[in-house]
Asks: 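Have a look at this one.
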Amino acid sequence: MSELVLTSLRKTYGPTVAVDDVSLTVREGELVALLGPSGCGKTTTLRMVAGFIEPTAGQIVIGGRDVTHLPPHRRDTGMVFQSYALFPHMTVAQNVAFGLEMRNVPKAEAEKRVADALSLVRLGHLGERYPRQLSGGQQQRVALARALVVNPGVFLLDEPLSNLDAKLRLEVRVEIRELQRRLGLTTVFVTHDQEEALTLADRLVVMANGVVQQVGTPEELYESPANLFVAGFIGRSNVLAGRLVSPGRFESRGGLAVSVPADGRAAGPAALALRPERLTLAEPGAPVAPCMNSATGKLVLVTYLGATSEYRVDLRGDEVLTATLPTPPASDPLRRLAAGDPVTLTWPADACRLLAPDGAHDQGG
Amino acid sequence: MALTVTAPAIGAGERRAGAGFSLGPALVIPATLLVLAFLGAPMALLFRYSLNRYSPREFMIDAVTAENYIRFFTDPYFIGVLGTTVQVAAFCTVVATLAAFPVAYLLARSQSRWKSALVIAVVFPLMVGNVVRAAGWMALLGNDGAVNAVLRWTGIVSEPVRLMYTPFAVILGIVAVVLPYMILTLQSVIESIGRDVEEAAANLGAGPMVVFRRVLLPLSLPGIIAGGTLVFILCMNAYATPVLLGGPQFKMMAPALYDQFARTTNWPFGAALAFILMASTLILTLIGTTLLARRMHHRRIDAAAR
């Protein structure tokens with residue numbers, strides 16, 4: 001396994017910039033997820049690493065070797081395709097043996113490695129089947145075995161779970177993570193599913209419009225999003241537009257005054273991001289601790305989600321906050337709240353995250 | 001020349017619950033009647049003719065005799081005509097396949113917005129009749145044609161090279177006629193092979209040639225078989241091209257049997273020629289496709305045994 005280093009990688013199609021200045025180091029044995037909405041450049045980045053797309057500029061180094069201009073078959077990457085891309089005219093065992101054959105591995109050793117790889121993905125008994133005779137989940141595992149058996153320098157996964165049903169997706173997800181840990185695979189994983197990325201990856205790279213928005217651990221991204229896009233894409237956020245009137249003092253466009261952590265940001269236009277689960281709900285008139293922020297409004301919608309409930313509160317006109325609370329017990333007066341009731345929301349100052357306002361470029365984090 | 005187009009069964013499984021009657025099977029009745037009336041019946045009649053006896057004065061005498069068939073297989077001239085036909089057809093099929101594959105691949109993999117224009121360009125020659133096309137070849141290949149003019153002008157030759165009325169001209173002409181069929185057949189099959197399968201092979205360490213040999217070729221084999229069959233049948237039955245570009249000395253089966261009907265008015269022998277042409281086309285097509293299909297199968301078994 002080797003380290004993967006991308007330096008200022010860029011890809012343009014005519015005037016369209018698909019990937020812009022992506023620099024990233026994936027350490028040995030690390031699993032990094034490229035995450036973003038479709039068209040954000042994550043798949044293009046992965047395909048440049050595999051060699052299927054020639055970068056317009058930048059450099060790709062795998063294990064100290066500059067592979068930027070090498071053809072795919074000389075790059076030593078192991079890729080799992082979204083469609084699995086198994087060879088339909090070969091048996092499972094032949095599919096898995098293909099990469100070893102290309103590397104001129106002696107027959108006896110190749111047979112042993114194929115058997116090992118197939119038992120690794122728990123398909124030892126299906127080697128003589130053809131791909132079309134397997135279920136989607138099994139085909140997926142053949143694709144994994146085929147990519148892993150050659151001990152690639154970098155393991156690449158392109159939305160490998162998107163063709164599986166929900167239950168299977170969870171299973172295969174755990175399986176991939178275990179394999180990756182056990183074999184110490186340097187892995188790049190492309191997905192548009194943030195839950196998948198949060199649960200699988202050591203680090204996440206959030207991309208939008210071909211640009212890396214933020215790189216960090218799941219915790220870093222969730223707790224300290226670098227900009228409004230990340231705040232909205234990783235988990236959910238309430239966003240209030242307004243301005244920082246003085247250090248530690250934010251005023252929303254609707255006139256709501258909020259105390260926020262003084263993070264050294266200069267006064268001026270800003271956006272406030274608030275996680276729904278950091279808000280608490282109280283009946284109006286209930287005492288509010290002086291260190292807490294509070295806002296009063298009208299409940300517009302209560303959504304019962306089982307373990308949690310979601311409360312949508314209209315503050316003044318166009319400002320709406322959503323609070324997610326553990327569903328209160330049946331005896332709690334909060335359970336009797338209905339749309340139209342006046343309520344008070346409270347939250348501590350440290351739950352607020354100040355970000356550059358929409359439209360401005362903010363490359364923090 | 002009979003081309004059977006198999007349409008996918010439409011409406012199967014779409015029967016509404018409770019309705020015991022489905023229109024599906026009834027839909028094939030008109031086509032079936034048409035084929036029976038206009039293909040089956042004349043062929044039966046023709047086959048009957050081929051068993052008749054020919055008399056220069058009485059034209060055709062009712063009989064049941066194999067003498068027309070015996071005459072064919074004992075006359076070196078006609079055996080030669082059949083041999084030429086098979087050779088030309090086989091050669092043209094191979095050349096067309098080799099020439100069509102790269103074009104078909106390019107078309108199938110093209111993302112360009114010009115793709116449909118390219119497909120039309122491939123189909124366009126089909127809009128020009130064989131005779132018109134042969135006339136075009138004459139203008140190119142004749143002693144005073146464009147090719148010879150260029151050759152003489154550049155000083156490569158001093159005397160015109162004979163290009164017309166040669167097997168070369170016939171093969172060139174036939175390949176040009178059948179190429180679009182081959183390209184379109186291969187294109188649709190290659191399109192059904194995912195690009196990602198080729199990418200997966202490359203990713204596992206296969207260079208372009210190996211990807212072609214181990215992945216693309218075996219997966220395109222059904223297309224090669226289908227296109228090859230279609231083209232071989234077209235070549236075996238070629239008429240206008242061999243007549244116009246091959247001249248009177250170059251005989252293939254279709255012109256030969258036309259001669260029997262139109263010039264010598266020997267209908268029984270002409271009918272026999274027709275059935276021999278049809279049977280040999282059928283048998284050779286079957287042999288060819290079986291060999292190719294078996295080869296595909298063998299390769300799988302060999303690979304599995306390794």
Asks: Could you tell me which of B:Ala200, B:Gly194, B:Pro208 has the largest number of non-hydrogen atom pairs under 4.5 Å with chain A?
Replies: B:Ala200
Asks: With only heavy atoms counted, which part of B:Val215 is less than 4.5 Å from chain A, the side chain, the backbone, both or neither?
Replies: both
Asks: Is the shortest side-chain N to carboxylate O distance from A:Arg173 to A:Glu196 below 4.0 Å?
Replies: no
Asks: To the nearest 0.5 Å, tell me how far A:Leu157 CG sits from A:Thr191 OG1.
Replies: 10.5 Å
Asks: Cut-off 3.5 Å, side chains only: do A:Asn163 and A:Ser83 have a donor facing an acceptor?
Replies: no
Asks: With respect to A:Val32, which candidate in A:Asp202, A:Val26, A:Thr25, A:Leu204 satisfies the side-chain contact (heavy atoms from CB on, under 4.5 Å) definition?
Replies: A:Val26
Asks: Atom NE2 in A:His192, atom OG in A:Ser162: separation rounded to 0.5 Å?
Replies: 6.5 Å
Asks: Counting only non-hydrogen atoms closer than 4.5 Å, does A:Leu86 touch chain B with its backbone (N, CA, C, O), its side chain (CB onward), both, or neither?
Replies: backbone
Asks: Can you say whether A:Arg146 sits under 4.5 Å from chain B via the side chain, the backbone, both, or neither, judging by heavy atoms?
Replies: both
Asks: In residues 100-116 of chain B, which residues are in contact with chain A at a heavy-atom separation under 4.5 Å?
Replies: none
Asks: Most heavy-atom pairs under 4.5 angstrom with chain A, which of B:Val211, B:Leu219, B:Ile193, B:Asn203?
Replies: B:Asn203
Asks: Rounded at 0.5 Å granularity, tell me how far CE in B:Met236 sits from OG1 in B:Thr285.
Replies: 7.5 Å
Asks: Check whether A:Arg103 gets within reach of chain B through its side chain, its backbone, both or neither, counting any heavy atom under 4.5 Å.
Replies: side chain
Asks: In terms of side-chain heavy atoms, does A:Gln138 have a donor or acceptor partner in A:Arg141 at a distance below 3.5 Å?
Replies: no
Asks: Please confirm whether the backbone N or O of A:Gly29 pairs with a side-chain atom of A:Thr186, one donor and one acceptor, at under 3.5 Å?
Replies: yes
Asks: Out of curiosity, B:Leu98 CG to B:Thr93 OG1, how far, rounded to the nearest 0.5 Å?
Replies: 10.5 Å
